[in-house]
Undergrad: 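Take this structure first; my questions come after.
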Amino acid sequence: MPPCLPLSLLLFHAPRSYTGQDGAELLIPGNPHLAERVLAALLEAGARQAEPGEFTARAYLAGKMTLDQAEAVSQFIAAERDGELDAAAALLSGETGVLYRGWTDRLATMLALVEAGVDFTDQEDVVPIAPARLAVDLGDLIGEIEAHTGGRSAGEQSSAEPTVALVGPPNAGKSTLFNALLGRPRAVTSETAGTTRDVLDEPFDLSHEHAGSGVVRLLDLPGLDPSVTGHVDRTAQRHALDAATRADLLIHCDPTGRFDSDLRADASSRPILRVLTKADLALAADASRQLAVCAIDGWHLAALRHAIADLALTPPGGGAVVPRHRRALARAADACRGAFASIDPDARTFAEPEILADALRSGLDELGSVCGRVLPDDIIGRIFASFCVGK
């Protein structure tokens, strides 16, 4: 390394750093070759590259930001329009979280009043909330949620089905995962690397994870290996790269959790969902912040399905709302509409208060998942799986 290389080192002391931990930033001239040499020297000295979203994940785990603010960081990185930047800024500032929590509190109050009425069904003179009042309040809430997400039509898809490609090195578990997601043995699987030679293409129904039509084309690609030499293998590689380039979403499969295989610049410009496959083997140093799945026993496949829906089924121009939030808010609105349909505003009491309460509770659970009150580990995993490496 040149002896007169201009370097600057910035130190950040806990707990006032981005991650809440001691940290440092090394500033060097903006030369890609130089950056690669510096990085190689650091790795040789014992450092390691950060995992996707690791710094923001550490900030979240240290209590430096809420989960929706962590998602805002990813939105800032992916934003392509002023509206998306504004939405990310509102999310990071906490403004959007306040809106979501307000909706959650209002729906929780409605549910509490309906459930209170169930407790007093034997006392006709006790009506905690009148059907007419609940219909107005619930209708207002549904309208606000749909206005925020762009209305029910925002979830509708165009006639073209998005394509989702499973990519990664040979023997990364792509074909086994392909079969597990489809629910049938479509691809031939083997412990021998390079079994998959052709691009397999099958419809994949995500209707349960998506409000509206939710069918995508799921592609199983040959493993990416630039070292192959045979004509057949090179042809398979070319077909795999061509399919990855055309895909709307790449699912980067890696059983090690390092995700260091080369997806090439033309393919990596696509959205990438990083998935730790073969999670039962526990090969990754730390899988707590990754979307880890096991295709053999189905562990976390439901979370993967939701993540695919979040990223692949976002309508054009719909990036002003975080995709995961859009799905959850759409499901919350659907549940609230089901509750609204069971209300007779002219009646004095509710005909089936238990069913009404169940629908309201479903909506409350969905709202809770976007404002941070319902946070299963699989949701946290799929959020950070879509981050770029490091940030």
Side-chain angles (χ1 to χ4, degrees), residues 52-53 71 74-75 78 154-158 160-168 172-184 186-187 199-221 243-254 259 263 267-279 289-295 298-316 318-319 321-331 366 369-370 376-388:
E71 289 177 285
S74 179
Q75 291 299 102
E156 300 300 327
Q157 292 297 304
S158 65
E161 295 173 345
T163 54
V164 179
L166 298 171
V167 300
K174 300 184 297 299
S175 294
T176 302
L177 181 58
F178 183 71
N179 290 340
L181 289 172
L182 294 178
R184 57 189 175 86
R186 171 65 176 86
V199 175
L200 303 183
D201 182 345
E202 289 290 330
F204 182 36
D205 189 359
L206 292 169
S207 298
H208 291 295
E209 290 77 19
H210 172 63
S213 174
V215 177
V216 302
R217 306 297 305 187
L218 187 63
L219 309 182
D220 181 27
L221 308 186
T245 302
R246 295 193 303 270
D248 297 291
L249 169 66
L250 301 180
I251 301 179
H252 191 176
C253 302
D254 190 338
F259 305 102
L263 297 185
S268 60
S269 63
R270 308 287 180 170
I272 298 176
L273 178 65
R274 296 172 181 85
V275 176
L276 173 70
T277 49
K278 304 182 182 182
R289 292 181 300 275
Q290 303 181 46
L291 181 51
V293 303
C294 178
W299 187 65
H300 275 185
L301 287 188
L304 177 57
R305 291 172 61 95
H306 279 90
I308 295 172
D310 287 346
L311 294 172
L313 296 174
T314 301
V321 179
V322 176
R324 182 181 74 86
H325 295 181
R326 181 181 296 280
R327 311 287 171 215
L329 292 173
R331 291 191 293 267
E366 296 294 347
S369 72
V370 298
D377 289 341
D378 61 334
I379 289 181
I380 296 175
R382 78 179 198 242
I383 288 171
F384 289 107
S386 60
F387 267 67
C388 60

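Along the sequence shown, residues carry numbers from 1. The structure displayed is predicted, hence computed values, not measured ones.
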Undergrad: Go through Phe204 and Ile308 one step at a time and tell me if the side chain to side chain contact (heavy atoms under 4.5 Å, CB included) criterion holds.
TA: CA-CA 10 Å; Phe204 182 36; Ile308 295 172; 4.0 Å; yes
Undergrad: Does a side-chain heavy-atom distance below 4.5 Å link Cys294 with Lys278?
TA: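 Sidechains of Lys278 and Cys294: no contact.
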Undergrad: For the side chain of Arg327 and the backbone of Ala309, is there at least one donor-acceptor N/O pair under 3.5 Å apart?
TA: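 Checking the backbone N and O of Ala309 against the side chain of Arg327, a donor-acceptor pair under 3.5 Å is found.
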Undergrad: Just verifying a value: how many Å separate Arg184 CZ and Glu202 CD, rounded to the nearest 0.5 Å?
TA: 4.5 Å
Undergrad: Measure the spacing between CG of Leu200 and CG of Leu182 and express it to the nearest 0.5 Å.
TA: 9.5 Å
Undergrad: In Å, rounded to the nearest 0.5 Å, how long is the span from CZ of Phe178 to CG of Asp201?
TA: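 It is 7.5 Å, given to the nearest 0.5 Å.
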Undergrad: To the nearest 0.5 Å, how far apart are CG in Leu166 and CG in Leu218?
TA: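 Between Leu166 CG and Leu218 CG, I get 5.0 Å after rounding to 0.5 Å.
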Undergrad: With sequence neighbours excluded, tell me which residues meet side-chain hydrogen bond (donor to acceptor under 3.5 Å, both in side chains) with Thr176.
TA: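 Partners of Thr176 by the side-chain hydrogen bond (donor to acceptor under 3.5 Å, both in side chains) criterion come out as none, since no residue qualifies.
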Undergrad: Would a 4.5 Å heavy-atom cut-off, applied to side chains only, mark Asp254 and Arg274 as touching?
TA: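 The answer is no, as the side chains (C-beta and beyond) never meet within the 4.5 Å cut-off.
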Undergrad: How long is the span from the CG atom in Leu181 to the CZ atom in Arg186, to the nearest 0.5 Å?
TA: 14.0 Å
Undergrad: From Ser369 OG over to Arg331 CZ, what is the distance, rounded to the nearest 0.5 angstrom?
TA: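 Going from OG on Ser369 over to CZ on Arg331, the span is 6.5 Å.
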Undergrad: If every non-hydrogen atom of Thr163 is compared with every non-hydrogen atom of Arg246, which pair is closest and at what distance?
TA: OG1-O, 3.7 Å
Undergrad: Leu177 versus Asp220: any side-chain heavy-atom pair under 4.5 Å?
TA: no
Undergrad: So, Asp248 side chain and Ala312 main chain: donor-acceptor pair closer than 3.5 Å or not?
TA: no
Undergrad: Going by heavy atoms in the side chains, are Thr277 and Lys174 under 4.5 Å from each other?
TA: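 No - every pair of side-chain heavy atoms lies 4.5 Å or more apart.
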Undergrad: For a side chain to side chain contact (heavy atoms under 4.5 Å, CB included) check, start with the C-alpha distance between Val164 and Leu311, then their side-chain angles and the critical distance, and finish with the verdict.
TA: CA-CA 10 Å; Val164 179; Leu311 294 172; over 6 Å; no
Undergrad: Quick one: side-chain contact (heavy atoms from CB on, under 4.5 Å) partners of Ala165, sequence neighbours excluded?
TA: Val167, Leu219, Leu221, Ala247, Leu250
